[in-house]
Amino acid sequence: MMRLVFLGPPGAGKGTQAKILSESLNIPHISTGDIFRYNIENKTELGREASEFMNRGFLVPDKITNAMVLNRLSMDDCKNGYILDGYPRTINQAEFLDSMQEINHAVYFYLRDEIAIERLMSRAKQESRSDDSPEVIKNRLQVYKEQTQPLINYYKERGTLLEIDAGAGITMISKDVRRALKLS
Ligand code: AMP
């Protein structure tokens, strides 16, 4: 069973790696950010609620996010495992997830601050994500430090943390991930 959590600062390349691994393992890649963006695009009630927080670089409240993830993980395609990308982001979310299902590994992509900022700034120029503007990027990194970084210890204490250097290139990182998960 591969129930995985991908952790790390914005800009670490979690999404890219989650996509690669999910295709190779044939398990769903679940990005809470993508689900929120989809809901915003389609002008749903959830999208309207989430956008107020997302646009400013803050976290969507746990209650909303947890309910959404509970719903997603109960779908049929999750029965053989999944990769959660961008969830959990708070201790409360991690505890909620643990109460729901056993997570096999948390893969932590670590990256120096300067590199994260550099990558996000260049992404801001290329893409039209409304939360990739410089002010919002600053907020997102701050929020990551305050609310998400404590999860590294949370998973370390549970003995499920795997650490990956996210400063390397895409191919190298995905090799490291497979090695850490004992897939190759
Ligand atoms: P991401 O695409 O993972 O960087 O997420 C973009 C934005 O969506 C975040 O800055 C948050 O506003 C919101 N978001 C995504 N995942 C979560 C989560 N697990 N908890 C709260 N907010 C989230």
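In what follows, every heavy atom counts, from backbone to side chain, and hydrogens, waters and symmetry copies are set aside. Both counts, for ligands and for their atoms, begin at 1 and track the order of listing.
- Counting heavy atoms closer than 4.0 Å to ligand 1, residue Thr65 contributes side-chain atoms (C-beta onward) but none from N, CA, C or O.
- Considering both main-chain and side-chain atoms, Phe53 never comes within under 3.5 Å of ligand 1 through any nitrogen or oxygen pair.
- With hydrogens and angles ignored, the 3.5 Å screen pairs no side-chain donor or acceptor of Lys14 with any backbone N or O of Phe109.
- Of all protein heavy atoms, the one closest to atom 23 (C) of ligand 1 is Phe36 CE1, 3.7 Å.
- Nearest to atom 1 (P) of ligand 1 by heavy atom, out of Met54, Arg89, Arg140, is Arg89.
- Under a 4.0 Å criterion applied to the non-hydrogen atoms of Tyr87, ligand 1 contributes the atoms 19 (N).
- A salt bridge is absent between Lys138 and Glu135: the closest approach of a Lys/Arg side-chain nitrogen to an acidic carboxylate oxygen does not fall below 4.0 angstrom.
- With ligand atoms numbered from 1 in the order given, ligand 1 contributes 15 (C), 16 (N), 17 (C), 19 (N) to contacts under 4.0 Å with heavy atoms of Thr32.
- We find that Arg37 and Glu41 are not joined by a salt bridge, their nearest charged nitrogen and carboxylate oxygen being 4.0 Å or further apart.
- Annotation: cation-pi pair Arg158/Tyr154 present, NZ/CZ under 6.0 Å from the ring centroid and within 45° of its normal.
- The shortest heavy-atom distance from Arg37 to ligand 1 is under 4.0 Å.
- Distance from atom 22 (N) of ligand 1 to its nearest protein heavy atom, with residue and atom name: Val60 N, 3.0 Å.
- Here the protein heavy atom with the shortest distance to atom 11 (C) of ligand 1 is Phe58 O, 3.6 Å.
- Among Arg56, Gln147, Gln93, the residue whose heavy atom sits closest to atom 20 (N) of ligand 1 is Gln93.
- One finds no salt bridge joining Glu52 and Arg56 here, because no Lys/Arg side-chain nitrogen approaches an Asp/Glu carboxylate oxygen to under 4.0 Å.
- Asn80 and Asn26 share no side-chain donor-acceptor pair at under 3.5 Å.
- Under 3.5 Å, the side chains of Thr65 and Arg89 contain no donor-acceptor pair of N or O atoms.
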